[in-house]
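Here is the naming used below: chain letters follow the sequence lines, and residue numbers restart at 1 for every chain. Note that the structure is a prediction, hence the values are computed from the model and not measured.
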Amino acid sequence: MTAHTLRLRLGLGLRLGLGLGLRLGLGLRLGLGLRLGLGLCLGLWLCASAGWVFAQSSTEDITQYRDMLSDSNPAELYIAAGEDKWNTPAGPKKTNLKYCDLGLGAGKLEGAAAQLPRYFKDTDRVQDLESRLMTCLSQLQGISEQSIIDAPFGEGPKKDLNEIVAYVVSRSKGAIIKVSTQHPKEQAIYALGKKAFYTQAGPYDFSCASCHSQDAKRIRLQELPNLTSPAGAAQAWGSWPAYRVSNGEFWTMQHRLNDCLRQQHWPYPVYGSDLTIALSMFMAVNANEGLYQAPGLKR
Amino acid sequence: MRIRAQENKGRVDVKILIRHDMESGLRKSQNGNLVPAWYIHTLKVEAQGTEVFNAQFGPAVSRDPFVNFRYQGAKGDKLIVTWMDTQNDSRRDEVIVS
Amino acid sequence: MDDQRREVMRFASVFGLMASVGLIAPAKAEAWSRAAFAEKSLDAVFRVLGASGAETSSALTFTAPEIAENGAVVPVVVSSSSSAEQIAILVEKNPNPLAAQFFFTARTESFVAARIKMAETSRVYALVKAEGIWTMAVKEIKVTLGGCGG
Amino acid sequence: MSQEPSDADFNAMLKRSLRAEGIAVIERMEQDTTQALCSDPAFLNSPAGKQKAEHIQQSNWMAIKAPSDGRYIGDWKRGEAIAQSGRGGTWADSGKEPSGGGCYNCHQIDRKEIAYGTLGPSLWNYGKQRGYSKEVITYTWNKIYNAKAYQACSSMPRFGHLHLLNQQQMQDLMGLLLDPRSPVNE
């Protein structure tokens, strides 16, 4: 009999009420029960737990799992590498990125990511962090934007960009999300993003809204943030980019959106394209006044 | 490597994060071929020249490994962290306990 | 230290890893024991470690999640109120059950936190060797499917 | 901020932002009338939108086909595997293997699977609660075949109508829900 079964049999009340003493007691009993087969465990489990009790405790257990992971986010490795990349001359022009303007002025990083996407006069378009960094890499270092767009995720120039993104967003950790809708182009792309969010297409009739327009829903065990609500949008927008434990990779929002659209069974979104920026703008504006906590740690 | 070493009341808490793919040899790449095993097998930590921690890993330690341990030490201790992997790569980092 | 040295000698004689027992320095005890990690069954790993008779103990605390959303990263924490020389983590249903082994000195606390991979839902064993005696704790960790499964 | 973008602007954005990849061809963005209606929540809530929704339910209803061999209940064990799998149909899939149903993504089904989604209702004890009458069986088949016949903008994919699952697979899912021996009906 496993600790798992025992804890389930004892139910929620005990889980909340009894402390270490009980746990130790159970620990002692484990040794005696080790040879019991899976069949018995399963039997006990079935007869002992009503569906709702189990549902509730599995959510609780997932919280425990995430809490245990929250310390020492491997994204720190990417932040450190990104800081190097920011300060080290690179590319055909052999320059560093200290003059990159992310909206608050050349080289100003503090809080910059929490105010993106925004309109940039030099490019005359609204840009998210990744597309703006591509502008910097191209203008300052002479690295071709197309080479970044064409690279597979996590490889070559996209891997370099990931690290830079990790560094830049770490300098906004704890900032309040403040995305402007003053400029007409900012308003226009928000409206396009909203329309895209509700657009159903493809063989499964999916839109972003199919999964992300209600509170407290989940796919498998994974909660789905309601991106139409300020709280849900802030929770999602404010915790990406993130390190994903399922594949041990650092994902930027561009990567996150790419995989959303894949699972939506849509065609392939071009990296840094207006559709991806429009969807980001919809999320980010809805998240306004929320807390920017990236880089996060995700399943 | 990211090493955090902080002293509190004579006890030093050490957290180490290492960038490493920790390929188990069982994972298939996109073209369907097995990716060969390649993982860190040994991680050791010396404090002021004396070994205080030694970890041995198989392929079932997670990608970008993390370990946390504690030893009796002091602020200013020099820690040397060394890892070795199955392709005979190794890396050594130093950090001063704060 | 004497116990540890004896353990080393036992390893050396079993695997013939070292030519001359007399020359083994304490640090060599931690030379990577490929053989233990290559074992394919739980019993074999217990045997290789010399832990076959291990019993559960209230001195040992093993913290791990009941459910892991992903088997690629499962956090585990092991500590003991007695002075540990070694801690080992074993996953019964992994192809090679021994995941990690940790060696401590008199200055090291009996505590370690790490992250391991699990191929599927399985019992996970935490083994602690203190004063030459192995004790253990067991926990079943469920590995679930996440995301859209595609 | 609430002004609607023009269709021309919107389509131009999609055109320059999306490209074909593998089986995920660009034609996937061509909407049918159901998708077009359900993409416009403001219109959907208007009287005209509600009327349109009824028409759409009707046309989806008319397109439902009963199983060609008259068999509704297949093998629940295969059904469970289909319910579990979320693979198929994306640019990362070859299109050669039959797709999964992805049912657990949104529904609790067999209670032993704890990793289930909540976008759809729980289907645990589906047959046990509803009984195994002809009405229940036909309704369930229709719902899997084309959920939009009952609710124009249901989030559930039209598995039969859009050929996401083949007849055999849908029969097997029916078995999972409506075979009294299926663990779902314990």
Under 4.5 Å from any heavy atom of chain A - which part of D:S6: neither
Which atoms of D:L14 approach chain A - backbone, side chain, both or neither, heavy atom under 4.5 Å: side chain
Which atoms of [X] come close to chain D, meaning under 4.5 Å heavy atom to heavy atom: side chain ones, backbone ones, both, or neither?
{"X": "A:A216", "answer": "backbone"}
{"X": "A:D259", "answer": "neither"}
{"X": "A:Q214", "answer": "side chain"}
{"X": "A:I189", "answer": "neither"}
{"X": "A:F206", "answer": "side chain"}

Whether over 12 other heavy atoms sit under 6.0 Å from D:Q129 CD: yes
Neighbour count >12 (heavy atoms, 6.0 Å) for atom CD, A:Q182: no
For residues [X] and [Y], determine if any side-chain heavy atom of one lies less than 4.5 Å from a side-chain heavy atom of the other.
{"X": "A:Y198", "Y": "D:L44", "result": "no"}
{"X": "A:P267", "Y": "D:I26", "result": "yes"}
{"X": "A:L192", "Y": "D:P5", "result": "yes"}
{"X": "D:M29", "Y": "A:W266", "result": "yes"}
{"X": "D:R28", "Y": "A:P203", "result": "yes"}
{"X": "D:D40", "Y": "A:K195", "result": "no"}
{"X": "D:T118", "Y": "A:I219", "result": "no"}
{"X": "D:Q31", "Y": "A:T199", "result": "yes"}

Pick from A:D274, A:V270, A:I277 with the largest number of heavy-atom pairs that fall under 4.5 Å of chain D: A:D274
About how many Å separate [atom2] of [Y] and [atom1] of [X], when rounded to the nearest 0.5 Å?
{"X": "D:R16", "Y": "A:L275", "atom1": "CZ", "atom2": "CG", "value": "9.5 Å"}
{"X": "A:H265", "Y": "D:W91", "atom1": "NE2", "atom2": "CH2", "value": "10.5 Å"}
{"X": "D:M156", "Y": "A:S210", "atom1": "CE", "atom2": "OG", "value": "13.5 Å"}
{"X": "A:R220", "Y": "D:Y104", "atom1": "CZ", "atom2": "OH", "value": "8.0 Å"}
{"X": "A:Q263", "Y": "D:T90", "atom1": "CD", "atom2": "OG1", "value": "8.0 Å"}
{"X": "A:R218", "Y": "D:N105", "atom1": "CZ", "atom2": "CG", "value": "11.5 Å"}

Ring geometry between A:Y204 and D:F159 (parallel below 30°, tilted from 30 to 60°, perpendicular above 60°): perpendicular
Based on non-hydrogen pairs under 4.5 Å, which of [options] is most in contact with chain A?
{"options": "D:Q35, D:H163, D:E21, D:M13", "result": "D:Q35"}
{"options": "D:G120, D:C106, D:G22, D:P41", "result": "D:P41"}
{"options": "D:G117, D:S39, D:A36", "result": "D:S39"}

Within residues 124-134 of chain A, residues adjacent to chain D where the heavy-atom gap is under 4.5 Å: none
